[in-house]
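One structure below.
Chain letters run A, B, ... following the sequence lines, proteins first, then strands; residues in each count from 1.
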Amino acid sequence: NAGVTQTPKFRVLKTGQSMTLLCAQDMNHEYMYWYRQDPGMGLRLIHYSVGEGTTAKGEVPDGYNVSRLKKQNFLLGLESAAPSQTSVYFCASSLRDRAEAFFGQGTRLTVV
Amino acid sequence: AQSVTQLGSHVSVSEGALVLLRCNYSSSVPPYLFWYVQYPNQGLQLLLKYTSAATLVKGINGFEAEFKKSETSFHLTKPSAHMSDAAEYFCAVSTSGTYKYIFGTGTRLKVLA
């Protein structure tokens, strides 16, 4: 059982470039989340989804877009990358409200 | 609004000593509370969670936490630290209908030989 899989694991972008991070889960979970982790700031919620075709903004949504066209996938897009978006990005999923969240291994993104 | 405060960004203990990691929460409605552990270059794994069934919650690897409503606390403890406990620990809160988890800033635990 793969759980939550994030692609890619590492990426270096130039300022202004765009990219999409892919999150896939095979647990048939309804809820999916994108967090960013920065030193001393813990995990901050970027966007989340409570089901296929739905998305909602979290604490730090600016500069990011998301889509959940299929239940098992949650995509995070950066349209025009900025150095401030250098971070480790984690995807997570949960079966229902307030259930255990399962995390991917993270994507380390550097914007130069 | 929900929030979580973790006191102490770094904690050092000797191997075999008591581990105490502090977490205080703020919530206007009954919360669900979680402790997660993150080992280097890995994602987060659930240690334990409080769901209002019992105030003392036992988790994996010998960890436990006690929910104290009067103190709005959910501190994580382990009687005897092991070298393998060195990691970063995150407290998180979630409430009904919010569909999300709010994390604290984390506490990095160092275990000294």
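Note: B:Tyr99 OH to A:Glu30 CD = 11.5 Å, rounded to the nearest 0.5 Å. Rounded to the nearest 0.5 angstrom, A:Gln37 CD and B:Leu44 CG are separated by 6.5 Å. Interatomic distance, A:Glu59 CD to B:Phe103 CZ, rounded to the nearest 0.5 Å: 10.0 Å. A distance of 9.0 Å separates CD of B:Gln38 from CZ of A:Phe103, quoted to the nearest 0.5 Å. Rounding to the nearest 0.5 angstrom, the gap separating the NZ atom in B:Lys100 from the OH atom in A:Tyr31 is 13.5 Å. From B:Thr95, atom OG1 reaches atom CG of A:Asp97 across 7.5 Å, with rounding to the nearest 0.5 Å.
Both A:Val60 and A:Val66 sit in one connected hydrophobic cluster of ILVMFWY residues. Membership requires side-chain heavy atoms under 4.5 Å apart, directly or through other members. In the hydrophobic clustering of ILVMFWY residues, with side-chain heavy atoms under 4.5 Å counting as a link, B:Trp35 and B:Tyr25 come out together. When hydrophobic clusters are built by joining Ile, Leu, Val, Met, Phe, Trp and Tyr residues whose side-chain heavy atoms come closer than 4.5 Å, directly or via intermediates, A:Phe90 is not grouped with A:Val4. The hydrophobic clustering, which links ILVMFWY residues whose side-chain heavy atoms are closer than 4.5 Å, places A:Leu43 and B:Leu47 apart. Under the 4.5 Å side-chain heavy-atom criterion for ILVMFWY residues, no single connected hydrophobic cluster contains both B:Leu48 and B:Phe34.
Scanning all heavy atoms of the two residues, the minimum distance from A:Arg98 to B:Ser94 falls at CG-OG, 3.4 Å. Nearest heavy atoms, A:Tyr35 versus B:Tyr101: OH-O, 2.8 Å.
Neither the backbone nor the side chain of B:Thr51 has a heavy atom closer than 4.5 Å to any heavy atom of chain A. Heavy atoms of A:Leu45 lying under 4.5 Å from chain B belong exclusively to its side chain. Contact annotation for A:Gln6: neither backbone nor side-chain heavy atoms come within less than 4.5 Å of a heavy atom of chain B.
Contacts of residues 104-112 of chain A with chain B at a heavy-atom distance below 4.5 Å involve A:Gly104, A:Gln105, A:Arg108, listed in sequence order. Within residues 54-89 of chain B, the residues having any heavy atom under 4.5 Å from a heavy atom of chain A are, by residue number, B:Glu88.
For CD of B:Glu15, the number of neighbouring non-hydrogen atoms (other residues, nucleotides, ligands) closer than 6.0 Å is greater than 12.
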